[in-house]
2 protein chains.
Amino acid sequence: MHSESATDGDAPLDMTLRLERGGTVSDQVYDALRHAIVTVRVLPGASISENRICRSLGVSRTPVRSAIVRLAEDGLIDVYPQKGSFVAPIRLAAIAESRFIRRVLEVAVVRDAGAAWNATHSADARAAIAEQARAIAAGESEAFFRADEQFHHIFSRAAGHDGAWAAIVQANSRLGRFHRLFGNKDRLPVVLQEHASVIDALDAGDVDLAAHRLEDHIDKVFTLIDHLPEDLRRLVED
Amino acid sequence: MHSESATDGDAPLDMTLRLERGGTVSDQVYDALRHAIVTVRVLPGASISENRICRSLGVSRTPVRSAIVRLAEDGLIDVYPQKGSFVAPIRLAAIAESRFIRRVLEVAVVRDAGAAWNATHSADARAAIAEQARAIAAGESEAFFRADEQFHHIFSRAAGHDGAWAAIVQANSRLGRFHRLFGNKDRLPVVLQEHASVIDALDAGDVDLAAHRLEDHIDKVFTLIDHLPEDLRRLVED
DNA sequence: ACCGGGACACTAGTATACAAGATAGCGCCG
DNA sequence: CGGCGCTATCTTGTATACTAGTGTCCCGGT
């Protein structure tokens, strides 16, 4: 067995997956599955049956398998040969590692971004913050996360660190599920304030202050782990 | 076309791949291909024909495709649908990014490692250094790189940063080819000295000094790019 | 001799069939 | 009634056949 998975045998949702954009079928399946997992539309521990998915999507097993292989490389799916594939559990140790990677990389990136910071970057960042505020008011949580990613992306673009951004996104794919499951809605306005304070520091040319504020901002992600709701504890490991 | 690849039409080596360890065939193909690419037994730009590989290895296309998908995710192979798959060129911009990621992550890791540093770690590190010296004397370059990886792994183990190590390894898979192609043999003894100086600083409890020395060590990788041999320049992009 | 067109030999993507292992449930036996 | 063992049915891994697109090369016409 693979220990005690959350929703093992039961198949609560028939995977409301829809293939969207063009490109190869394999890519479409990959995007759909990845989105469903990161946004926790499918919960950690859920069974991923190749047969069920290809029946549900009307495609053959080949592109589905290809997508699963890629998701397994991303650490989002665990494959147990001859037993089954399951959405990877949220391991607290892995979350801590992802947080470490993201904090270290993003702080270094923002330091480089400070050197090339200009009015356009500032305007883009404040636009992203405004979009986050709108999403909060409208209760559109996915739009909030999307704008959050846009906001953090600006630093990498300003610094020209495309590769670092790719690494950050990869680490974030683990953190994303954590945020959506355990994120406290009361903290969202605080997030906005912290975002704005980082931009304020950059606009003022104080790179050290910006880096320090960003580091604190990312670290605060872990404050909400102390009061972890009991009914969600079964979704994490360790 | 895919621009000017180095060894496009020609197939200079019949892929002296041999499947070694147990596990699924797909994993064996993945390991063999990855090793061949990272150790530049197959050069950047070389054509990776699924048919040729599965003929060469005596397996079907399915596991070969699976391995190629994973290698494409790793950024080691570029797949052009209906045209072909090719060993990814060494993009100087990507090398710079990998260097950035590795430096930032590893410096942060070594700072954490300093807190938990003990005699065992020191002994392991010095053993790895000794192995590197032996490899240099014996002219076994692959053994040198293996010991180098072991050496750098020690910091992550001491700090308990498994995830960060995984990210470092991933960034290193790009750097590995660069090192093997453009590495200057005259610098190898200097590498040993730099490694030893980092451990000296850690043993002395001076974490800041260790971090600074490690940062310089990783940065020096780029000093050899200035005098890039002309006959190898065709293997890189940009 | 040069230029154009079509057959051909490739490529990767997809679909389907088969193989091997693991599990759960049921029936038989003690 | 309890425990052992078989079977039916799942799982993923592998092999093979087919599709559609692309580039090349040769041959024929100009």
Side-chain angles (χ1 to χ4, degrees), chain A residues 1-5 7-11 14-15 17 19 21-33 42 45-73 76-88, chain B residues 1-5 7-11 14-15 17 19 21-33 42 45-73 76-88:
Chain A
M1 270 312 278
H2 61 291
S3 74
E4 31 46 308
S5 59
T7 62
D8 200 331
D10 50 324
D14 279 42
M15 203 74 75
L17 294 176
L19 306 183
R21 65 156 200 185
T24 68
V25 180
S26 175
D27 289 342
Q28 299 174 36
V29 175
Y30 173 79
D31 287 341
L33 271 178
V42 292
S47 168
I48 299 286
S49 167
E50 296 178 359
N51 283 314
R52 201 171 57 225
I53 291 186
C54 66
R55 263 195 300 268
S56 169
L57 270 63
V59 299
S60 84
R61 268 185 63 204
T62 310
V64 173
R65 267 189 71 75
S66 178
I68 288 180
V69 166
R70 292 164 67 184
L71 289 166
E73 275 259 310
L76 292 177
I77 288 184
D78 292 335
V79 177
Y80 299 87
Q82 270 66 32
K83 285 194 269 191
S85 303
F86 305 89
V87 177
Chain B
M1 272 311 279
H2 63 292
S3 75
E4 30 48 309
S5 57
T7 62
D8 200 333
D10 51 323
D14 280 41
M15 202 75 75
L17 294 176
L19 305 182
R21 64 155 200 187
T24 68
V25 180
S26 175
D27 289 342
Q28 297 174 37
V29 175
Y30 174 79
D31 288 341
L33 271 178
V42 292
S47 169
I48 298 288
S49 166
E50 297 178 357
N51 285 315
R52 200 170 60 225
I53 292 186
C54 66
R55 262 195 299 269
S56 169
L57 270 63
V59 298
S60 84
R61 269 184 61 205
T62 310
V64 173
R65 268 190 68 75
S66 178
I68 288 181
V69 165
R70 292 164 67 184
L71 289 166
E73 274 258 309
L76 292 177
I77 288 184
D78 291 336
V79 177
Y80 299 87
Q82 268 63 28
K83 286 194 262 190
S85 303
F86 305 89
V87 177

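Below, chain A is the first sequence line, B the second, and so on; all start at residue 1.
In this structure V79(A) satisfies the side chain to side chain contact (heavy atoms under 4.5 Å, CB included) test together with I68(A), A72(A), I77(A), S85(A), sequence neighbours excluded.
Residues S66(B) and S26(B) share a closest heavy-atom pair of OG-OG, 3.1 Å. Considering all non-hydrogen atoms of both residues, G23(B) and Q28(B) come closest at O-NE2, 3.1 Å. Nearest approach of V64(A) to V59(A), heavy atoms of both residues: CG2-CG2, 3.8 Å. The shortest non-hydrogen separation linking G45(A) to F86(A) is O-CD2, 3.8 Å. For R52(A) against S47(A), the heavy-atom pair with the smallest separation is NH2-O, 2.9 Å.
L33(B) has its side chain within reach of I53(B): a pair of non-hydrogen atoms, C-beta onward, lies under 4.5 Å apart.
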Under the salt bridge (charged side-chain N to carboxylate O under 4.0 Å, His left out) rule, what do D31(B) and R70(B) come out as? Steps first, then yes or no, please. CA-CA 10 Å; D31(B) 288 341; R70(B) 292 164 67 184; 5.8 Å; no

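As a whole-Å value, the separation of L57(A) CG from dT14(C) P is 13 Å. For I68(B) and dT14(D), the CD1 to P distance is 14 Å, given to the nearest whole Å. Rounded to an integer number of Å, the gap from CD1 of I53(B) to P of dC10(C) is 16 Å. With rounding to whole Å, F86(A) atom CZ is found 11 Å from dT23(C) atom C1'.
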Quick test: give all pairs of protein nitrogen or oxygen and nucleotides 15-18 of chain C nitrogen or oxygen below 3.5 Å, distance rounded to 0.1 Å.
{"residue": "dA15(C)", "atom": "OP2", "partner": "S60(A)", "partner atom": "N", "Å": "2.9"}
{"residue": "dA15(C)", "atom": "OP2", "partner": "S60(A)", "partner atom": "OG", "Å": "2.9"}
{"residue": "dA15(C)", "atom": "N7", "partner": "T62(A)", "partner atom": "OG1", "Å": "2.7"}

Could you run down nucleotides 5-11 of chain D 5' to 3' and tag each one B, S or - for protein heavy-atom contact under 4.0 Å? ------B

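Distances shorter than 4.0 Å separate some side-chain N or O of R65(A) from OP1 or OP2 on dG13(D).
Nucleic acid contact class of S66(B) (heavy atoms, under 4.0 Å, all strands): none.
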